[in-house]
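For reference, the structure discussed in these notes is given below.
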Amino acid sequence: MTDWPATIAVVLGVTLCMLSAVGVLRMPDVYIRLQVASKASSLGIALLMLGVALHFGELSVTIRALLVVVFLFLTAPVTAHVIGRAAYLTGTPLAPGTSPDELAGAYDPETGRLAGLGGRPGAPAAVGDGAEAPTEGDVGAEAIAEGDARDP
Amino acid sequence: MMGGITGVPDTIIELALTTMALALVLAFVRLVRGPSLMDRVTSLELIASLVAGIVALYAIGTDDPAIIDVAIALALVAFIGAVAFARYAELRERP
């Protein structure tokens, strides 16, 4: 007898993982590839872990599968943000159809911090020193600490 | 594959593992072609996720729940690796 809920979860999860790989190969731009890779693959892995939990049906396995999903959902946005920021700061070219580039001129090339949002009306003139990098570091450290604390 | 009285059919697991292997090949093509360093980091991140998915499928296929721990460790290491890569790539641009 087939365990239909687990089978459906596995099939959907594998489909999403495959779509994410196709997207990473086919999309025109590192930023678009990044969002395909982070969103589709984290949902795909979440569905696969749901399949694992449904297949075994034991509390210990369910908690471990849930741990993977929670950790993935905490870290995938942080990773995507950090990689996208590094790509922008290292001058990775945008896809030809991208318009407009709202961050153009907003980063100070010396320090890598936000130094004002170009000529946009109503934009803040400058963000204080350390407004960008330490925040990002704190989020990463928090995610690591939380992941470690929940590791059985 | 424990005889399969109940659970996910073996055929589904085999097809799913084949699809995941194909997805790994596609991600690897992006890893080789680049063109930028950040494309490669993105692709490595995706490969780590795909391997975690393969580990999950293998756990279902062999009915061995202990393998799930591998996926936990993999997710942790991949996150730290990607953040470190991005940080050093960014710092390299500004001496």
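Every chain is numbered from 1 and lettered A, B, ... according to where its sequence line falls, protein lines coming before strand lines.
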Heaviest contributor of heavy-atom pairs below 4.5 Å to chain B, chosen from A:Ala40, A:Ser41, A:Ala65, is A:Ser41

Honestly, the part of A:Ile45 sitting under 4.5 Å from a heavy atom of chain B is side chain

Applying a strict 4.5 Å limit to non-hydrogen atoms, the region of B:Thr19 in contact with chain A is both

Cut-off 4.5 Å, heavy atoms of chain B, and the answer for A:Val10 is side chain

Before you tell me yes or no, could you show the steps for B:Arg30 and B:Asp39 under salt bridge (Lys or Arg N to Asp or Glu O under 4.0 Å), namely the whole-Å CA-CA distance, both residues' side-chain angles and the distance that decides it to 0.1 Å? CA-CA 7 Å; B:Arg30 176 52 68 198; B:Asp39 283 299; 5.3 Å; no

Quiz item: If Ile, Leu, Val, Met, Phe, Trp and Tyr residues are connected whenever their side-chain heavy atoms lie under 4.5 Å apart, and connections chain through other members, are A:Ile8 and A:Val52 in the same group?
Solution: no

To the nearest 0.5 Å, atom NE2 of A:His55 lies from atom CD1 of B:Ile60 at 6.0 Å

| request: Find out whether A:Val78 and B:Phe79 are in side-chain contact, i.e. whether some heavy atom of one side chain is under 4.5 Å from a heavy atom of the other. | output: yes

When the 4.5 angstrom heavy-atom criterion is applied to A:Met18 and chain B, the contacting part is both

Assert top hit (heavy-atom pairs under 4.5 Å, partner chain B, pool A:Leu48, A:Val36, A:Val30, A:Leu47) equals A:Val30

Turns out that what part of B:Leu57 lies under 4.5 Å from chain A's heavy atoms comes down to side chain

Do B:Thr18 side-chain atoms and B:Glu14 backbone N/O form a donor-acceptor pair below 3.5 Å?
yes

In short, A:Asp29 meets A:Pro93 closest at the heavy-atom pair OD1-O, 3.7 Å

Scored by heavy-atom pairs under 4.5 Å with chain A, the best of B:Ala23, B:Pro65, B:Ala56, B:Ser49 is B:Pro65

So, the part of B:Ile12 with a heavy atom under 4.5 Å from chain A: the answer is side chain

- Task: Kindly work out whether a path of hydrophobic side-chain contacts (I/L/V/M/F/W/Y, heavy atoms less than 4.5 Å apart) joins B:Val25 to B:Val51.
- Result: no

Checked A:Leu72, A:Val24, A:Val61 vs chain B; the most non-hydrogen pairs under 4.5 Å come from A:Val24

Heaviest contributor of heavy-atom pairs below 4.5 Å to chain B, chosen from A:Gly51, A:Pro5, A:Ala21, is A:Ala21

Original post:
For the hydrophobic clusters of this structure (ILVMFWY residues joined by side-chain heavy atoms under 4.5 Å, transitively), does one cluster hold both B:Leu17 and A:Val22?
Top reply: no

